[in-house]
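Worksheet: the structure to be examined is printed underneath.
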There are 2 protein chains.
Amino acid sequence: MLKKANSDLVRRQNRGLVLETLRQHGPLARITLGYQTGLSPASITSISGQLIDEGLVYSIIEDEEVSTQAKRGRPQTRLALNPQATNVLAISISVDGVELVFADFSGATREPIKLRLDTYATPKEDFGPRVAHEIKANAKRLGIALTSIKRIGVAVQGVADTISGEIPWSPAFCARDIPVVRPLERILSIPCSIGNNANMIAEALIATDRKKYGGTTAVVFLGHGVGLGLILNGVVFHGANGRAAELGHMNHIPDGPLCRCGRHGCLEAFSADYGIMRMANDRRGTDFDVHAAVRDDDMRKLELAAEAGDTVATNAFNRAGEVLGFGIARLIALINPQRVVLAGPGTRAYDLLKDSVGEALRRGLVHDLRKNVEFEVVPFGKDMIATGTLVETLRHLDRDVYATGQKGTVVEFSGRKIA
Amino acid sequence: MLKKANSDLVRRQNRGLVLETLRQHGPLARITLGYQTGLSPASITSISGQLIDEGLVYSIIEDEEVSTQAKRGRPQTRLALNPQATNVLAISISVDGVELVFADFSGATREPIKLRLDTYATPKEDFGPRVAHEIKANAKRLGIALTSIKRIGVAVQGVADTISGEIPWSPAFCARDIPVVRPLERILSIPCSIGNNANMIAEALIATDRKKYGGTTAVVFLGHGVGLGLILNGVVFHGANGRAAELGHMNHIPDGPLCRCGRHGCLEAFSADYGIMRMANDRRGTDFDVHAAVRDDDMRKLELAAEAGDTVATNAFNRAGEVLGFGIARLIALINPQRVVLAGPGTRAYDLLKDSVGEALRRGLVHDLRKNVEFEVVPFGKDMIATGTLVETLRHLDRDVYATGQKGTVVEFSGRKIA
DNA sequence: CAACATTTTTTTGGACGCTAAAATAAATCA
DNA sequence: TGATTTATTTTAGCGTCCAAAAAAATGTTG
C-alpha cells in the first residue's frame with residue numbers, strides 16, 4: 001500500500017539523498033551534487049545551506065594547489081560531511097571476543113578496540129552492562145563525549161534477532177537469548193540495533209559497489225559456521241523476525257551428522273570448520289565434541305595435507321564442498337539471485353572446495369537457473385564486518401534522523417566554515 | 001539509495017493512494033477517504049475532483065432508501081471507481097488450457113472464457129499470435145473495444161520469466177522458451193506482463209487480508225507441480241530474473257528420483273502428484289513416465305485408498321509429506337517467514353500429508369525458527385489465480401498509469417456524475 | 001589592465017500540492 | 001422556521017522545487 005506524501009516527505013527524502021550522496025562520493029561541489037542527485041542548483045543551495053547551518057555539512061576551503069588545474073569561471077567550493085557532527089559505534093561480537101570501533105560522522109574510524117571480556121564466562125544478564133561500561137571507559141579514554149554518540153550498531157556471529165534485539169544463539173556464548181540492545185540503550189541512552197555478521201558484510205559490499213551487489217545477491221559467509229546475507233532488490237533482507245538467512249542450519253540430509261544447533265544434518269555440520277575436521281577424523285559419533293572451537297592451526301594443517309594430496313583430508317573438503325554446493329543450489333532455486341558471493345575466512349580453502357561445489361550445482365540445479373548466476377569469491381578483510389555495521393548505522397542517521405531536519409537534531413557547531 | 005522527490009512524486013503517490021483505497025474499501029465518502037488515507041478533506045476534494053474529471057472515479061447517486069438510517073448533517077456522497085474507465089484482461093495458462101478473464105476498472109469480471117487451443121500441439125511461435133487472435137475475437141463478442149483494454153496480465157503454471165516475458169518451461173508446453181509478452185504487445189498494442197501461478201495466488205491473498213499476509217509469507221502451491229509465491233515485506237518477490245521461488249525444483253536428496261525437469265531428487269519428484277503416484281506404484285525406474293499428466297480420478301482413488309488404510313498408498317503420502325516438510329524447513333531457514341500458506345488443489349489431500357510434514361519440520365528445523373511460523377491451509381478456489389492476476393494488473397494501472405495524471409491517460413467520459 | 005568570457009552559486013518569482021480555517025451546502029431536529 | 005449537525009468546498013497561506021536572472025569569482029585576451 002502506498003503512503004501519504006507531503007512536503008515533509010519531500011524534504012526528508014531530498015535531504016537524505018544529499019547526505020547519502022556526500023557520504024558515497026566524498027566531497028562534492030554543489031553543481032556536481034545537483035547533477036548526481038537530479039536536484040536543481042537552486043534546491044542544492046537551499047538544502048546544503050540548511051545542512052551547513054545545522055553543522056552536518058561544511059564547505060571545504062581548498063588548499064591553493066590542491067584544486068585541479070586552473071579553469072575559467074567561478075571556482076567550485078566542495079561540500080563534505082562534517083566529521084564533528086556525530087560519533088557512532090560499531091560493536092562486533094564473535095568467538096574471538098568483543099570489539100569496538102568508534103567512527104565519526106564522515107565514517108572515519110578509530111583503531112579497533114578488543115575488549116577484555118570473556119563471553120563464555122560472563123552471565124548473560126551481565127553481558128550488556130559490562131559492554132556498556134567498557135564503552136563508557138573507552139569513549140572517555142579517546143576523548144569522545146558519550147552524548148556525541150548518536151547510534152550504536154552491533155554485529156554478531158550467530159543468530160541475531162533484529163526485532164527483540166537479543167542473540168538467540170551464538171557460538172560466542174554458552175547461554176541463549178542474550179539481551180544486548182535493551183541494556184545498552186537503557187544504560188547509555190543511545191539508540192542501538194543488532195544484526196548478524198553476514199548481513200554486515202552484505203552492507204559493506206553494497207557500499208563498495210552498488211551496481212555489482214545492489215540487485216539480488218546472496219553473500220555466503222564461511223567461517224567457524226556458515227552464514228548468509230541476502231540482498232534483495234538492493235536492500236539487506238531480515239525476515240519476519242529479523243532472523244532470515246540461516247543457511248548454516250538449513251538441513252542438507254535428514255538425520256545426518258550432529259550439528260552445533262542440536263539438529264542433525266544441517267549444512268554447517270558438513271561445511272563449517274568443525275564439520276570438515278570431524279569428517280577428516282572420521283568420527284561422526286558422539287565422541288566428537290561439536291561445541292569445541294576448531295583451532296586455526298589445526299585447520300591449516302588439514303588444508304596443507306589436502307593440498308599435498310592426502311586422501312582423507314581431500315575427501316573431507318570435497319564433501320564439505322558438495323554439501324555447500326547443494327545448499328547454494330537450493331538457495332538459488334528459492335531466491336534466483338543474480339550473484340552469489342563467497343566471503344569469510346573459510347574462503348581461504350576455497351580452492352579445495354571449488355570443484356565439488358561446482359559439481360553439486362550441476363547435479364542439484366536446473367541449467368536455466370545456474371547459467372544466470374555469477375559466482376565470486378571476495379578476499380576477506382576482518383574489517384568488513386565493522387565497515388558494514390558502520391555503513392548501516394550511518395545510513396540510518398542520514399535517512400531517519402538528520403534527514404528530518406527537526407529542531408532536536410540540530411548539531412551545535414561553531415561557524416559556517418571550517419578548514 | 002533514495003530517489004529525488006518533488007511535487008510530482010507527491011501528486012502521483014497521493015492519487016495512487018486514493019485509487020488504491022477506493023479499490024480496496026469499495027465506495028467511500030470523501031470524509032472517510034480522508035480518514036483512511038490520512039489526507040485532509042481539502043486535498044481529497046481536490047484529488048477526487050480531478051479523478052472525476054478524468055473519468056476514473058464517479059460520485060454515486062444513492063438510492064433514497066439505501067443510505068443508512070437518517071442522520072443529521074449534510075449527507076455523504078460516496079465515490080467509486082468508474083467501471084467504464086478501463087478494461088483489463090487476465091490470461092491463465094496451465095495444463096488445463098488457456099483461459100481469459102475480462103474485467104473492468106472496478107475489478108468486476110466477466111465469465112471466464114476457456115480457449116479452444118491445444119497448448120501441446122501449437123508451435124511455440126504460433127502460441128502468442130493465436131492467443132492474440134482469440135482475445136480480439138472474444139473482446140468483439142463481448143462488446144469490449146480492444147482500445148479500452150489498458151493492460152494484460154498472464155499467469156502461468158510453471159516457470160515465468162518476468163523480465164523476458166517468456167515461459168522458459170511449463171508443463172503446458174512441449175517446447176521451451178515460449179514467447180508470450182512480446183507477441184501480445186506487438187499484435188494488440190496493449191502493455192502486458194507475465195508471472196507464475198503461485199505469485200498470483202500470493203497477490204490474491206494480500207488483497208484479501210493485508211494484515212495477515214502482507215508481511216513475510218511463503219505461499220506453497222500444491223498441484224500438478226509444487227510452486228511457491230514469496231511475499232517479502234508485503235511485496236511479491238520476483239528475484240533477479242523474475243524466476244525466484246522454484247520450490248518444486250529445489251533439490252531434496254542428491255541423486256534422488258527423476259524429476260520432470262530432468263534433474264534428480266527435486267522436491268517435486270516426491271511431493272507432486274506424479275511423484276506420489278510413482279511411489280505408490282513403487283516404480284522409481286525409467287519405466288514410469290514422469291511427463292505423463294496424472295489423471296485426477298487416479299489421484300482421487302489413491303487418496304481414498306490411503307484414507308482407507310492401504311499401506312502402500314499411505315506410505316507414498318507420508319513420504320511426500322516428509323519431503324515437503326523438509327523443503328518448507330529449508331525455506332523457513334532461509335527466509336524466516338511469519339506465515340506459511342498451503343494452497344492449490346493438492347491441499348485436498350493435506351490430511352494425508354499433515355503429520356509427516358510436521359514431523360519433518362521437527363527434524364529439519366531449529367525450534368526457535370519453527371515456533372515463530374504460523375501454518376495455514378487455504379481452501380483453493382480456481383478463480384484465485386485470475387483474481388490475483390487482476391489485482392496485480394489493476395494495481396499497476398492505479399500506481400503507474402493513472403496516478404501520474406498525465407494528459408495521455410485521461411479517460412474520455414461523458415459527465416461528472418453517473419448513476 | 002580593462003573588458004569579456006566562463007563557470008559556479010545565489011536570488012527571485014512563480015508553480016504545485018498540502019492544509020487549517022472559514023464558508024457553504026444539505027440534511028435533521030425542535 | 002431557525003438551530004444544529006455533518007460533509008464538502010473555498011480561501012489563504014506554507015513549504016518545497018525549479019527556471020531564469022543576477023551575482024560572484026575567476027581566466028582570457030587584446
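Within every chain, numbering begins at 1; the chains are lettered A, B, ... in the order of the sequence lines, protein sequences first and strands thereafter. What you see is a predicted model, and the numbers here were worked out from it, not measured in a lab.
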Given D:dT16, C:dT9, D:dC17, identify the nucleotide with an atom nearest to the side chain of B:Asn6.
D:dC17
Between A:Val18 and A:Ser48, is a side chain to side chain contact (heavy atoms under 4.5 Å, CB included) present by the stated rule, with each step listed?
CA-CA 8 Å; A:Val18 168; A:Ser48 61; 5.5 Å; no
What's B:Leu79 touching, base or sugar-phosphate or nothing? Going by heavy atoms closer than 4.0 Å.
nothing
Taking N and O atoms by type only, does the side chain of A:Arg30 place a donor or acceptor under 3.5 Å from a partner on the base of C:dT9?
no
Classify the nucleic acid contact of B:Ile44 as base, sugar-phosphate or nothing, counting any heavy atom under 4.0 Å across all strands shown.
nothing
Nucleotide nearest B:Ala42 when distance is taken to its side chain, options D:dG27, C:dA21, D:dC18
C:dA21
Starting at the 5' end of DNA chain C and moving along, which residue's nearest nucleotide shows up first, A:Arg74 or B:Asn14?
A:Arg74
Look at the side chain of A:Val10 and decide which nucleotide, out of D:dT9, D:dT16, C:dT19, has an atom nearest to it.
D:dT16
Please report the distance, rounded to the nearest Å, between CD1 in B:Ile31 and C1' in D:dT5.
12 Å
When you check the phosphate oxygens OP1 and OP2 of D:dT16, does a side-chain N or O of B:Lys4 lie under 4.0 Å from one of them?
no
A:Ser7 side chain N/O closer than 4.0 Å to the phosphate oxygens (OP1, OP2) of D:dT16?
no
Separation of D:dG15 atom P from A:Asp8 atom CG, nearest Å, is 11 Å
Rounded to the nearest Å, what distance is computed from the CZ atom of residue A:Arg72 to the P atom of nucleotide C:dA5?
9 Å
How do A:Pro75 and A:Ser43 order along DNA chain D: which one's closest nucleotide is nearer the 5' end?
A:Ser43
When rounded to whole Å, the CG to C1' distance for the pair B:Leu28 and D:dA7 reads 14 Å
Set out, in order, the CA-CA distance, both residues' side-chain angles and the distance that settles side chain to side chain contact (heavy atoms under 4.5 Å, CB included) for B:Thr32 and B:His25, then state yes or no.
CA-CA 10 Å; B:Thr32 324; B:His25 300 288; over 6 Å; no
Just how far, in rounded Å, is C1' of C:dT10 from CD of A:Gln50?
15 Å
Check against side chain to side chain contact (heavy atoms under 4.5 Å, CB included), B:Gln84 and B:Ser148
CA-CA 9 Å; B:Gln84 299 166 43; B:Ser148 76; over 6 Å; no
Examine distances only and state if a side-chain atom of A:Arg11 and a backbone atom of A:Thr404 form a donor-acceptor pair shorter than 3.5 Å.
yes
Counting only side-chain nitrogens and oxygens, does A:Thr77 get under 4.0 Å of the OP1 or OP2 atom of C:dT9?
yes
Send over the distance from B:Asp53 CG to D:dT9 P, rounded to a whole Å.
12 Å
Report yes if at least one side-chain N or O of A:Ser46 is closer than 4.0 Å to OP1 or OP2 of C:dT10; otherwise report no.
no
Apply side chain to side chain contact (heavy atoms under 4.5 Å, CB included) to the pair B:Leu56 and B:Arg15, showing each step before the final yes or no.
CA-CA 11 Å; B:Leu56 295 168; B:Arg15 280 173 56 112; 4.1 Å; yes
Whole-Å distance between D:dG15 C1' and A:Arg12 CZ?
14 Å
Separation of D:dT16 atom C1' from B:Gln13 atom CD, nearest Å, is 16 Å
